[in-house]
K.L.:
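Submitted below is the structure of interest, expressed as structure tokens.
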Amino acid sequence: MPDILPRRRLLLASATTLPLLLAAAGCRSSDVFTGPDPLAGKPQPAPDVVTLQTVIAAEENMVKLYRAAISGDSGTARARQLAPLLAQHQQHLTRLRARLVVPAGTASASPAPSASAASKAPAKVSTAQLRTAERASATNLVKQLAAVEPALAQLFASIAACDATHVIALGG
Amino acid sequence: MTGTGTIGAVPALQAALAAEQAAVFGYGVAGAHLSGSKLAAAEQYWTGHNEARDALAAMISKLGASPVAAQAFYQLPFAAHDATSAMALAAYLEDGVTRAYLGIVAVASARLRNFGAQAMQGPAARAAYWRGSTEAFPGLAASARLP
């Protein structure tokens, strides 16, 4: 037991002197948090997250639009033509959603006005409406490229190119 | 690599130029096995690739670099011996051009990103034409398939 005492004294001495040394050096534990209090309120999503959420909402609307178009024409040649295009939009959605993990309690970003306005697909969807939606989607995706990191920009550009091929497949 | 995951503008443009040059060569091979509307399409696309090649070379020169020179001969991934294999070759070439333009989307410049994204839509559409179907992720997927 006698050898414990010097260690205990050393420990006590350290516990006493360490805060003094840190204070002398101008260090405080609160200096770790240089930004806003991380525990104050719900965290807001970063701008690129908002962009991704908007793109996801727009892609969800595209899927709804195709489903509405197909359900009104099930079994027809038009439905068979649209089915692979719908499948590709579903692949887009899967890939986009995989890029976003929103922590529980995070404030959700509002979808873009155009996306929320189109959230309810009309009962009857014409091929011309699909074409217009595809063209608008391609344009909107390209507009978002500067707001996101390179890999996500490439995903947006690839989806935009797919949408452009859909315009042609739909007779555009 | 420069910046946070971005690539340099000149290497990305050079890659697109090289892909356009390969397409110009490859369409010459594919076109020999096509006829009618398919041949007309191949000729139109060949002209488009020539124009794109010249435009890219001018952009690279404007950035102070020397455009890569075209090769005298390109090793094609498979032989074109009939219309079916010629169309598969054309789709392969367009996939390569699509992928190269997608590379430009990773540069830092917003204008060049926009350019790359717009420019890849043409080859993606042409690849879909030759293949007879669209793809979910032009330029991203392992779309440079051999027949």
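Protein chains get the first letters and strands the later ones, always in sequence-line order, with residue 1 at the start of each. The model shown is predicted, which means the values in this text are computed figures rather than measured ones.
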K.L.:
Below 4.5 Å, heavy atoms only, C-beta onward: do A:D163 and B:Q121 meet side chain to side chain?
P.N.:
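No. Closest side-chain heavy atoms not under 4.5 Å.
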K.L.:
A:A153 and B:R113: which non-hydrogen atoms are nearest, and at how many Å?
P.N.:
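Looking at all heavy atoms of both residues, the closest pair is CB-NH1, 3.7 Å.
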K.L.:
Are B:F73 and B:W46 connected in a single hydrophobic cluster, I mean Ile/Leu/Val/Met/Phe/Trp/Tyr linked by side-chain heavy atoms less than 4.5 Å apart?
P.N.:
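Yes: a chain of side-chain contacts under 4.5 Å links B:W46 to B:F73.
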K.L.:
Check whether B:T134 reaches the backbone of A:H166 with its side chain - one donor and one acceptor, N or O, closer than 3.5 Å.
P.N.:
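Not a single qualifying donor-acceptor pair exists.
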K.L.:
Identify the two heavy atoms, one from B:A117 and one from A:A157, that lie closest to each other, and give their separation to 0.1 Å.
P.N.:
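That would be CB-CB, 3.9 Å.
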K.L.:
How about A:H92 and B:F137: do any of their side-chain heavy atoms sit closer than 4.5 Å?
P.N.:
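Result yes, sub-4.5 Å side-chain heavy-atom pair found.
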K.L.:
Roughly how far, to the nearest 0.5 Å, is CG of A:L145 from OG of B:S109?
P.N.:
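Separation between the atoms: 11.0 Å.
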K.L.:
Same cluster for A:V167 and A:L86 if Ile/Leu/Val/Met/Phe/Trp/Tyr side chains link at under 4.5 Å?
P.N.:
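As far as the 4.5 Å side-chain criterion goes, A:L86 and A:V167 are not connected within one cluster.
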K.L.:
As an exercise: rank B:I104, B:V105, B:N114 by heavy-atom pairs under 4.5 Å with chain A and give me the winner.
P.N.:
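The option with the most such pairs is B:V105.
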K.L.:
Work out which heavy atom in B:A125 is nearest to a heavy atom in A:I168; give both atom names and the distance.
P.N.:
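Scanning both residues completely, I find the closest heavy atoms to be CB-CD1, 3.4 Å.
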K.L.:
If you measure from CD on A:Q154 to CG on B:L140, what distance do you get to the nearest 0.5 Å?
P.N.:
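Atom-to-atom, A:Q154:CD and B:L140:CG are 6.5 Å apart.
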K.L.:
Which answer fits A:L85, side chain, backbone, both or neither, if we ask what part of it has an atom under 4.5 Å from a heavy atom of chain B?
P.N.:
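Contact with chain B involves the side chain of A:L85 alone.
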K.L.:
Measure from the side-chain N and O atoms of B:E135 to the backbone N and O of A:C162, and report whether any donor-acceptor pair falls under 3.5 Å.
P.N.:
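No; zero donor-acceptor contacts below 3.5 Å.
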K.L.:
For the candidates A:A87, A:A146, A:A161, which exhibits the highest count of non-hydrogen atom pairs separated by less than 4.5 Å from chain B?
P.N.:
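Most heavy-atom pairs within the cutoff with chain B belong to A:A161.
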K.L.:
How about CH2 on B:W130, more than 12 heavy atoms from neighbouring residues, nucleotides or ligands closer than 6.0 Å, or not?
P.N.:
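Yes, the 6.0 Å shell around CH2 holds more than 12 heavy atoms from other groups.
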